[in-house]
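Only one structure is covered here, and it is reproduced in the block below.
Numbers restart at 1 for each chain; the letters A, B, ... are given by sequence-line order, proteins then strands. None of these values were measured; they are calculated from a predicted model.
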Amino acid sequence: MSRCYALVDCNSFYASCERLFRPDLRQRPVIVLSNNDGCVVSLSREAKDLGIPMGVPYHQIRDWAQQQGVAVFSSNYALYGDLSNRVMRTLEQLAPRIEIYSIDEAFADLGGMQRWDLTQWGRQVRQTVLRHCGLPVCVGIAPTKTLAKLANHVAKGQRAQGGGVIVWQQAAQWQPQLAQTEVEAIWGIGRRLGRQLRLLQIDSAADLAAAHLPTLRKQFSVSVERIARELNGVACLGYAQMPAARAQILCSRSFGRRLTQQQDLAEALCHFACQAAEKLRAQQQRCRELTIFIRTHPFAASGQTPRPAYANQAAWRFLEPTADSRDLMQACHALLASIWRPGYQYLKAGVILRDFYAAGSFQPELFVQAPPRPRSAELMQVIDRINRRGGAPIRFAGQGLDPQWQMRREHLSPAYTTDWRQLPLVTLGPCAATLMRRSPATENPVP
DNA sequence: TCTGGGGTCCTAGGACCC
DNA sequence: TCTGGGGTCCTAGGACCC
């Protein structure tokens with residue numbers, strides 16, 4: 001049976017989320033910043049039209065953006081994560097099965113639905129998600145994931161004409177588009193590969209589709225060969241309904257300000273370790289390896305006022321797999337002591353967990369068994385349950401009481417959908433409903 | 001002063017084994 | 001004249017994605 005994939009992708013996802021509870025921003029340019037208010041990572045249509053580039057450091061455009069009346073937001077992952085869930089639950093009702101690919105997009109498996117009016121199906125998806133979640137999406141449908149991605153990209157460009165849905169079932173439908181698509185615009189071809197492909201006169205998606213497959217594999221990799229096949233309608237990328245358990249878990253942050261004390265770094269690392277442990281337990285696993293890394297500013301040595309730069313990492317192997325936050329924190333302390341160097345201004349640190357085992361699946365060596373922590377699993381379970389409920393979380397003293405490394409989020413919007421205290425208020429006027437929200441500072445409703 | 005965080009997949013090369 | 005070869009496993013690093 002031939003395959004058929006739909007890619008459903010939210011338009012300007014973070015910016016759209018911010019706008020959802022701020023109808024006053026509906027026609028205004030909106031941008032969302034990365035952690036620490038570093039770079040621009042999401043732009044509304046109006047902000048793109050102003051020419052703000054994706055990924056630009058915010059400080060480079062701050063004053064200008066203010067003059068242009070751009071609404072600026074810090075990343076609010078509590079809000080985006082919750083709205084993403086609502087979108088995915090909605091899609092599950094509209095498709096036989098979906099594969100969640102990222103926070104704002106999902107593939108739907110439409111195999112067996114080829115005789116349907118797929119354009120009509122795509123329109124229904126757009127309408128339903130808009131009605132249930134208030135978020136605009138575009139839909140691309142094609143026989144392979146790579147083509148569905150491209151169809152979605154085209155649909156985004158055409159949505160002004162009332163479209164937003166592109167369906168390709170025959171090669172004649174997608175071939176004209178391949179000729180117009182730059183090779184770097186293909187899913188899986190980045191800047192580096194693009195440059196190398198262009199050296200071989202492969203400039204467009206059509207060129208890649210027509211390229212000699214064994215040469216592609218030899219000169220690049222099997223991944224590039226697969227992309228070329230997919231552009232010809234031959235599905236190489238399978239469908240994964242269940243998200244595979246993560247093979248590694250990484251928790252890291254750039255700090256809101258530089259850290260110079262070992263104790264502050266230790267607290268940050270312990271905090272990341274506890275976050276990572278929570279994710280590990282959520283996927284019912286234990287890990288045998290923990291890596292920490294610390295580093296100064298990457299541009300420290302080359303900046304205007306050069307500072308000494310330092311980066312290092314170290315790994316710990318547990319005798320037996322563990323998911324106990326206390327084991328991970330102990331390892332963090334030991335590892336930090338081995339790579340800590342005084343006299344540097346540290347900007348970033350992180351914890352990586354690897355080498356996972358399901359509980360009970362590990363054969364310990366006969367004579368080297370770690371002394372078990374009594375009732376470890378039960379304790380962690382209770383902590384996770386309490387922390388999932390929201391409100392004040394349970395934390396370990398090692399995470400610190402007054403973190404010195406909190407990130408900068410000067411433009412954070414309320415947690416409209418995940419915190420009772422920040423719920424938006426709606427007051428009904430004589431003619432129209434006006435959306436209100438509480439000001440966190442005063443608890444008074446403000447428009 | 002100011003440049004994110006969290007992932008995956010693939011390959012090359014070294015260690016080790018028989 | 002001339003030092004085996006083939007296989008597996010692991011890790012580091014590169015490239016990509018959102």
Base-pair map of DNA chain C as dot-bracket, where | denotes pairing with a different strand and pairs are Watson-Crick or G-U under 3.5 Å: ....||||||||||||||
What residues in residues 181-207 of chain A put a non-hydrogen atom under 4.0 Å from any atom of DNA chain C? A:Ile186, A:Trp187, A:Gly188, A:Ile189, A:Gly190, A:Arg191, A:Arg192, A:Leu193
Return all side-chain donor-acceptor pairs below 3.5 angstrom for residues 263-274 of chain A, not counting sequence neighbours, or 'none' if the list is empty.
residue: A:Gln263; atom: NE2; partner: A:Glu267; partner atom: OE2; Å: 3.2
residue: A:His271; atom: ND1; partner: A:Gln399; partner atom: NE2; Å: 2.8

Base, sugar-phosphate, or nothing: which does A:Ile103 touch, judged by heavy atoms less than 4.0 Å apart? nothing
Set of ring-ring contact (aromatic ring centres under 6.0 Å, His included) partners for A:Tyr5, sequence neighbours left out: none
If only side-chain N and O atoms count, and only distance matters, is there a donor-acceptor pair under 3.5 Å linking A:Ser102 with A:Glu105? yes
Would you say the side chain of A:Asn76 lies within less than 4.5 Å of the side chain of A:Ser413, judging by non-hydrogen atoms? yes
When we call it a touch if two heavy atoms are under 4.0 Å apart, what does A:Tyr101 touch: a base, just sugar-phosphate, or nothing? sugar-phosphate
Of A:Arg226 and A:Asn36, the one whose closest nucleotide on DNA chain B sits nearer the 5' end is A:Asn36
Would you kindly compare A:Ser221 and A:Gln248 by the position of their nearest DNA chain B nucleotide and give the one closer to the 5′ end? A:Gln248
Side chains of A:Gln345 and A:Thr260: do they bring a donor and an acceptor to under 3.5 Å? no
With A:Phe396 via ring-ring contact (aromatic ring centres under 6.0 Å, His included) - residues at least two apart: none
Between C:dG4 and B:dC16 - C1' atom distance, rounded Å: 15 Å
What is the first contacted nucleotide of DNA chain C and what is the last, in 5' to 3' order, if contact means an atom lying under 4.0 angstrom from a heavy atom of chain A? C:dA15 to C:dC18
Any side-chain heavy atom of A:Tyr14 sitting closer than 4.5 Å to one from A:Asp104? no
Determine which pairs satisfy side-chain hydrogen bond (donor to acceptor under 3.5 Å, both in side chains) with at least one residue from residues 174-184 of chain A, sequence neighbours left out, and list them in order. A:Glu182-A:Arg198, A:Glu184-A:Arg198
Regarding A:Val222, tell me which of base, sugar-phosphate or nothing describes its non-hydrogen contacts under 4.0 Å with the strands shown. sugar-phosphate
4.5 Å side-chain heavy-atom contact, A:Ile294 and A:Lys348: no
Residue pairs involving residues 308-319 of chain A (criterion side-chain hydrogen bond (donor to acceptor under 3.5 Å, both in side chains); sequence neighbours excluded): A:Glu289-A:Arg317, A:Tyr310-A:Asn312, A:Arg317-A:Asp355
Using ring-ring contact (aromatic ring centres under 6.0 Å, His included) as the criterion, list what pairs up with A:Phe107, not counting sequence neighbours. A:Tyr101, A:Trp187
Summary of ring-ring contact (aromatic ring centres under 6.0 Å, His included) pairs that have at least one residue in residues 136-157 of chain A, sequence neighbours excluded: none
Which donor-acceptor pairs under 3.5 Å do side chains of residues 52-66 of chain A form with protein atoms, sequence neighbours excluded?
none

With a non-hydrogen cut-off below 4.0 angstrom, is A:Arg62 in contact with a base, only sugar-phosphate, or nothing? base
Base, sugar-phosphate or nothing for A:Asp37? Non-hydrogen atoms, less than 4.0 Å. nothing
Contacts to DNA chain B from residues 266-276 of chain A, heavy-atom cutoff under 4.0 Å, which residues? none
